[in-house]
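So the structure is just underneath, and the comments pick up after that.
As a basis for the values below, the full set of heavy atoms in this structure was taken, side chains included, without hydrogen atoms, waters or symmetry mates. Note that the structure is predicted; figures quoted are calculated from it, not measured.
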Amino acid sequence: MQQSPPSASSSRIPLPGSGQLPLLLAMLVLLVTLVATYTAWSSARRTAQAQLQETFDYRTRDMVYSISRRMAVYEQVLRGARGYLRGTVEIDRRDWEEYYRVLRLDQSFPGLEALGIASIIPPGRLAAHEAAVRREGFPDYAVQWTGPGPATSAITHIEPFGGRNLRAFGFDMFSEPVRRAAMERARDTGQAALSGKVVLVQEGAAAQQPGVLMYLPVYRAGQLTGTVDQRRAAIVGWVYAPFRMSDLMQGLGGAHSTDLDIEIHDGEAQGDATLLYRSGDASAAGRARPARLTASSQILPGGRTWTVTMRSSPALEASLDTTRPLLVAVTGVSLSILLSFVVWLLASERRRALQLAQAMTLELRQSHDQVASERQRIGVILENAPDAFLALDRQGRITDWNAQATRLFGWSAHEAIGRDAAQLLPEQRRAHFCTGFAAFAAGGRCAMLGAPTELEVLDRHGRAIPVELTVAGLPIGDGFGATAFVRDITQRKEAEAREQRRQQRLDEARQALLRSQKLEAVGKLTGGVAHDFNNILHIISANVQLMLRADNTDNPKRKRLLSILDAVERGSKLAGQLLAFARRQPLHPTVVNVAELLERMDSLVLRAAGDSITVERTAPPDLWPTLVDPNQLENVLLNLVINARDAIGKGTDGNGRITLALGNATVGEGEGGEGGDLAPGDYVTVAVTDTGHGMPPDVAERAFEPFFTTKPEGKGTGLGLSMAHGFARQSGGDIRLESEPGTGTTVTIYLPRHLATAQVTAGHGAATPHS
């Protein structure tokens, strides 16, 4: 029996190690690595799209805010104009022109075509109105209206008064339905009202663009405007501003104005009839392909709804990061092919190939896990760092933001990422930062690198925060970004300020103590000298008086004895003043009402002050009594008035004012002044203030020293303030002096309050004043 040959199918069955197994294994590895590459590419692509979406959202929010803000500013311009009119539209044209010129509205407010006044024409007064305007120098003036009825208003003032605006002079806007609706709404509400879409009267026949007008009513001065009927009765006209939409939108968005294609429609419906503005290629027909991102928002300028539609422009879409996904794809495909080729080469040795594949897979997994673990570790470290951390890209935008940064600045990470870092700085430092960071991003050199730097930053509410900043460079491509740790040093600054204030108070206390010790030492020395000097004068006076009694004849010897006795009396008065400074003079205190004492001294004070000086007195009705020697108090007050008179005569040509102010004062713990010499308690204060030349600090510091005076020789002893100082201290109070060159001087005496129920006296008699 003849054998049949083997079939073709059986000859194609792959055998182990026949050469097809390495190819299948290589294809499997290639498929797996390509899937992993696709996954990584998709993730990188989604990340890039998310960044583009964040940028687009930020740009749209900023654009809507900028439009609303600009319209609000223009509304404030109209409110300012209405305030300037003060309830009337009858204003001189030159005044209106000057108001417009001073505000520079044509330079500072783009899109503001003009600033005008629409005046109401009372029924039957059209001819008189036209004649009055013609007499002002406009012989061709005539009111223009479009409605069937007579004219009811006219544009009587408009600036700048020239060019296209001359077409609007005399136009009755109330006769046109769209304008009239806005004018009536403004009249009835008393608020600014924006009109619908119109073509401005200023537009020529060609190149017309849509426009709108904003009105603000002007009510007659003095009339009520609380109800709609009252406002209609009080209306005399409107201040208004016309806007050309293309000019109005000029400059909005700043450097990023080309990132968005914008359409603005009047109302909620969208179509050519409601289209107010369209930028560049905002229409679908003007683009090569539909926009990737679209957003819409509504605003209410002047009480009218605008629908703002924004689409991502080709320029913004071109910023989409396609480099990283492409790099991931190219790298992944290349590695996939290389790995497959290696597997194919090694597949002839199955065990070795399996071990190699397992080793490579394990290495890849470990590398991935290590990278993920490292990223997680760094993230945990930064999130729990005590300092705020942020990172910036080459454009100065924030790319990383930790939890401490949120607590410090008030912005969440979602709000902060993508924001310009210059917004974290005060306004005056932003321009310098932008210039310096641009140089740093190009060269990577900055004076702040490494070393901590102290400066101020702003949180989201505009509050200034002192911080310590540590900056490090971050290579990005062919340029540099930056990382920064920001530490809040508010508590440290406050502690430093408290320490500085404490040191300052300590220095002041030391100086006050030195002055007090100096006066105390001088007082002890002066008291001893004056006491002994007074004893000597008593001996001389007694012997001279005995000699005078023994010799009653009128001869030259008796005249010399009288001269000696007169000199002894002057020396006795001088010794008394020295004893007063040393607080060793005999006092006879009684309960005194200082206000009544001043009333009794009124004529004496006026004579001491002189006719050219005004003397004023103030006292509370419930002035407390005090226990002092009234004669010594009168003497002190007269000395202070005479010193004030001399200071005024020297500094103000004799014309000035002296104020004697009485008051009640309570001194608490730690409030006893620089030296702490005033014990806590209740005091009656007597303040003598002059409008004289004042004292420099070095003179004021020595004012209470005995025999110290700035008066010419022979004009004073220099004991007036010294005696006042000694009297106040001996009476249980104190004396304070405040002076500033060119302003005047205030001397305040503190006398302790008397709480007994004894009869209050104003004191009688007055001692001889000393200067």
Side-chain angles (χ1 to χ4, degrees), residues 570 573-574 577 580 592-620 623 630-663 684-725 727-728 735-751 762-771:
R570 291 199 302 272
K573 291 179 182 179
L574 179 60
Q577 290 176 333
V592 175
N593 185 308
V594 183
E596 295 178 1
L597 183 142
L598 278 180
E599 288 181 2
R600 294 179 179 273
M601 292 177 60
D602 188 59
S603 60
L604 189 60
V605 169
L606 291 177
R607 286 197 303 271
D611 296 335
S612 62
I613 296 177
T614 302
V615 179
E616 298 178 355
R617 290 187 301 151
T618 61
L623 185 68
N631 291 329
Q632 293 295 333
L633 179 58
E634 289 182 5
N635 193 15
V636 167
L637 292 178
L638 282 177
N639 272 285
L640 294 179
V641 170
I642 292 172
N643 286 342
R645 178 202 65 191
D646 294 341
I648 292 174
K650 182 178 179 181
T652 59
D653 298 330
N655 296 316
R657 182 177 65 257
I658 299 175
T659 303
L660 289 89
L662 308 181
V684 177
T685 62
V686 183
V688 181
T689 303
D690 63 68
T691 58
H693 55 83
M695 305 180 190
D698 57 335
V699 174
E701 185 175 351
R702 301 184 58 192
F704 294 117
E705 295 181 8
F707 302 111
F708 176 79
T709 180
T710 58
K711 298 178 182 179
E713 185 176 355
K715 295 295 185 179
T717 64
L719 291 173
L721 287 177
S722 303
M723 184 184 68
H725 178 274
F727 166 75
I735 186 170
R736 302 290 169 81
L737 183 143
E738 297 177 2
S739 184
E740 184 175 348
T743 301
T745 302
T746 298
V747 180
T748 305
I749 300 176
Y750 289 80
L751 300 175
H764 301 282
T768 302
H770 300 276
S771 58

key: Distance in Å, R736 CZ paired with T746 OG1, rounded so as to fall on 0.5 Å steps   = 14.0 Å
query = Any side-chain heavy atom of V686 sitting closer than 4.5 Å to one from L660?
reply = no
key: Distance-minimising heavy-atom pair for A609 and V615   = CB-CG2, 3.6 Å
key: Single hit among V688, V684, L640 for side-chain contact (heavy atoms from CB on, under 4.5 Å) with I749   = L640
inquiry  = Can a donor-acceptor pair be found, under 3.5 Å and without considering hydrogens, that links the side chain of T685 to the backbone of G663?
reply    = yes
All side-chain hydrogen bond (donor to acceptor under 3.5 Å, both in side chains) counterparts of S739, not counting sequence neighbours = T745
ask   = Tell me, do L737 and M695 make a side-chain contact under 4.5 Å, heavy atoms counted?
value = yes
ask   = If you round to the nearest 0.5 Å, how far is CG of L633 from CE of M601?
value = 7.5 Å
task = Go through the structure and list residues passing side-chain hydrogen bond (donor to acceptor under 3.5 Å, both in side chains) with T659, not counting sequence neighbours.
result = none
message = I need the I658 CD1 to I613 CD1 distance, nearest 0.5 Å.
response = 4.5 Å
query = Side chains of L598 and L637: closer than 4.5 Å at any heavy-atom pair?
reply = yes
Separation between CG of N643 and CG of L638, rounded to the nearest 0.5 Å = 11.0 Å
task = Test side chain to side chain contact (heavy atoms under 4.5 Å, CB included) on D602 and R617 and set out the steps.
result = CA-CA 10 Å; D602 188 59; R617 290 187 301 151; 3.9 Å; yes
inquiry  = Once side chain to side chain contact (heavy atoms under 4.5 Å, CB included) is applied, do any residues pair with R607, and if so which ones, sequence neighbours excluded?
reply    = S603, L604
inquiry  = Test of understanding: with side-chain hydrogen bond (donor to acceptor under 3.5 Å, both in side chains), list the residues that count as partners of T748, not counting sequence neighbours.
reply    = none
